[in-house]
Amino acid sequence: MAGLWTPLENWSLQKRFQWRGFRPSAVPLVLVAIDDRSIARLGRLPWDRRRFAQLLDRLEGAAVVGIDVLFSEPTAQDALLARAIARQGRVVLAAARTPTSVRLEPVPPLAEVSAGIGDIGAGIFGENLQLRTALVVPKSPRSDLEVETFGTVIARLYASLAGLSQPSVPDRIWLNWPGPARSLPSVSAIDVLEGKVAPARFADQIVLVGVTATAVDALITPFDTQASGIALHWTVVDNLLGNSALAPWPGWLTGLVAVMSALGLGFLLTGRPGWLQLTITLAWAAGWVGLAVVLFWRSSIWLPLAAPAGALILAGGFSLIEGEQRTARRLEIQRERRKAQQAVTDSLATALVAATGDGRIYFQNPASAPFFPENRSTPFLGEQLQALGWLSAEQWAEAQAALGSGQPSQRQVNLGERDYRLRLVPLSQDEQVGGILCAIEDITAQLELERLRQQMLGMLSHDIRSPLTNIRGFAELLKISPPSSDIELEEMVDPILSSAERVQGLVSDFLALARIESPAFDLKVQPLSVQARLRPLMAELRPQAEARHSRLVAEDWPKEPLIIAADPLRFDQIFMNLLTNALKYGPDSQTIRVRLSLDSPWVAIAVIDEGFGIPDAALERIWEPFYRVKTAQTEGIPGTGLGLAITRKLVELHTGSIAVTSNPGQGSCFSVRFRQQNLAPDP
Ligand code: ADP
């Protein structure tokens, strides 16, 4: 697992070095560089060892001199160089190991006079060169020898000479690179040899002598892609003497942070909206990166970035999966809820239509179909609510203003024959009115009931109470002052009788209507001759008509009997009603005509009077139970207002029809039509 993150970790650490840049070193160190210029002047390497002897003589005042050049082959000038090394007295020489593990040591005459020998290559290049390096060169497979690195030997020697405490030398250190190779204070070897550099420049300095000429070494550091190996020795010396190597977090702590982060983040992220998850994650990542950078700059502490990043990805992944599951569950619940709502709205008798704020229809239930033009059952979706014409433009504007304030509004509308209650409910969305729910209820029956109730109350309070008051009044009068003559008796008893009759008439009419309207009511239909049935009825009424000097006449009666299928008693009831009305609602001395005609297959029976007539406004309403025209002329004419309601109901039960035309002041014509029957009536 850790291996997985190593490249990422190395990269992040390299970036941290680059962000930080050069770090001034506390160690007095100067490089004598065998650079391109020196080589150009003095020729290619290897140089004659006399030259190194000359160089050492110029470095007399240096605290320690480390020569990063291998002297493993004996030459004629070795004695000369050995003398110079001995003169300087504090010279560290370089050793190395070939790729085949052959050790290249300085030749013995030089090794003997040196102050120490350090390994310049093996081990250093062994592991992760950029970050970590072994300070103690591990034992080679071929020898038991353990050698310290070049930089370590120099640092130890300098510490003991300068009276510093010995640096602690761990097996491996995490290099804290001070900066790019070019920032190492240096002078050119040729300048030193030519005496152009004052000896004071080297006084008490650690002097490293090494090759920086192009293409000799190719060391990769966080700052350089092609540095001289000297840069590594510089870094080791600097880190050991300055005690400034990086302090990495222990692995277990890193693991703990990773696990805690994953758990903590997982907990924080679950159930949050996406933007918040992203913000938390980014904040966490930014915080950790910030901490890593600050610790690195301030205290050279190396905080891992890669492993926590992995934890982050894991936590993010978990919360994502969790979130997905939650969303799926929520969607499922929503689907179920929608199904239930659908079932409810589908089964409602109330028509429901929903529209957007600007009136575009996006939902309708089946009960709403009859309210769309042409009874369209196909959805009207997407069209404008206003276009349905339920409300006038003005009413819409009003309703919309009301909805704007979040209040439902209610209106009663009359569409065709029926009455409806239109309720408009604002559908809020984020506290704003996002649409309109339109509920349409058929309230025709409800209104009818209400009207009946009102009329019943009217009847009770007037038509029943006043005759009862009469009865009681006259009865009490009878009790206190008994009549002294027959005439007086009559004067007292007659009003009682007529009042009782009125109440009785009202009650029996009322019961008759109730009976007719009950589903159990049925007709005893039989073929009958209209003429034969009307004749005795008219005869029965004639004395009543004559009392008022009026006439009842038959008009246009065909000789052939007109046969219809009807219940004889109900037929009588219908015409008794129409004829008495004609008599009642007219002046004395009028002619009431009963006209018959055949308009196949219909038989029409019209009762035409010369009475008061009915005002236009009342024509529709005379069929309503308890409705009575109230004019000066009808004032005082007894009645219940139930007669025509009963009459019409009876005609309709016979599948016939009844209509009225009237000219106020001239008379009315009530015309009843029955279907003709071609059977002969029973004898
Ligand atoms: P009622 O006669 O008991 O008042 P109806 O239902 O028979 O009740 O009549 C309802 C109303 O219609 C009457 O009150 C009367 O005003 C009017 N009406 C009925 N028939 C006539 C008619 N032939 N001429 C004028 N008005 C009539």
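Given the structure is predicted, the values throughout are model-derived calculations rather than measurements. In listed order, ligands and their atoms are each counted from 1.
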Exercise for review: Determine, using heavy atoms of Gly613 and all atoms of ligand 1, whether some pair is separated by less than 4.0 Å.
Suggested key: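 Checking ligand 1 against Gly613, which is what was asked, there is a heavy-atom contact under 4.0 Å.
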Practice item. Assess Lys584 for proximity to ligand 1: is some non-hydrogen atom of it under 4.0 Å away? Key: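 Yes, Lys584 has heavy atoms under 4.0 Å from ligand 1.
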Examine the proximity of ligand 1 to [X] and report which part, side chain or backbone, both or neither, has a heavy atom under 4.0 Å away.
{"X": "Leu578", "result": "neither"}
{"X": "Tyr627", "result": "backbone"}
{"X": "Val629", "result": "both"}

[X] and [Y]: side chain donor to acceptor below 3.5 Å:
{"X": "Gln454", "Y": "Glu450", "value": "yes"}
{"X": "Arg570", "Y": "Gln573", "value": "yes"}
{"X": "Thr469", "Y": "Ser466", "value": "no"}

Check your understanding: For ligand 1, which atoms sit closer than 4.0 Å to a heavy atom of Ile622?
Key ->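 Those atoms are 12 (O).
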Practice item. Mark up the atoms of ligand 1 that fall under 4.0 Å of a heavy atom belonging to Gly643, in ascending order. Key: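 Counting atoms of ligand 1 from 1, those under 4.0 Å from Gly643 are 5 (P), 6 (O), 7 (O), 8 (O).
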Review point. Checking side chain to side chain contact (heavy atoms under 4.5 Å, CB included) against Leu447, which of Arg421, Arg418, Gln412 comes through?
Key: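 Exactly one pass, corresponding to Gln412.
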How far is [atom] from its nearest protein heavy atom, and which residue and atom name does that atom have?
{"atom": "atom 2 (O) of ligand 1", "value": "Tyr585 OH, 2.8 Å"}
{"atom": "atom 26 (N) of ligand 1", "value": "Ile614 CG1, 3.3 Å"}
{"atom": "atom 4 (O) of ligand 1", "value": "Arg628 NE, 2.5 Å"}
{"atom": "atom 6 (O) of ligand 1", "value": "Leu644 N, 2.7 Å"}

Practice item. Could you check whether the rings of Phe674 and Phe571 sit parallel, tilted or perpendicular, using 30° and 60° as the cut-offs? Key: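 The arrangement is tilted - the two ring planes meet at 30° to 60°.
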Review point. CD1/Ile622 to OG/Ser662 distance, rounded to the nearest 0.5 angstrom?
Key: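 With rounding to 0.5 Å, CD1 (Ile622) is 8.0 Å from OG (Ser662).
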Check your understanding: If we only count N/O pairs under 3.5 Å, is Phe670 in contact with ligand 1?
Key ->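 No; the residue has no nitrogen or oxygen that sits under 3.5 Å from a nitrogen or oxygen of the ligand.
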Check your understanding: Given Thr580, Asn581, Thr640, which one has a non-hydrogen atom that is nearest to atom 20 (N) of ligand 1?
Key ->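 Of the listed residues, Asn581 has the closest heavy atom.
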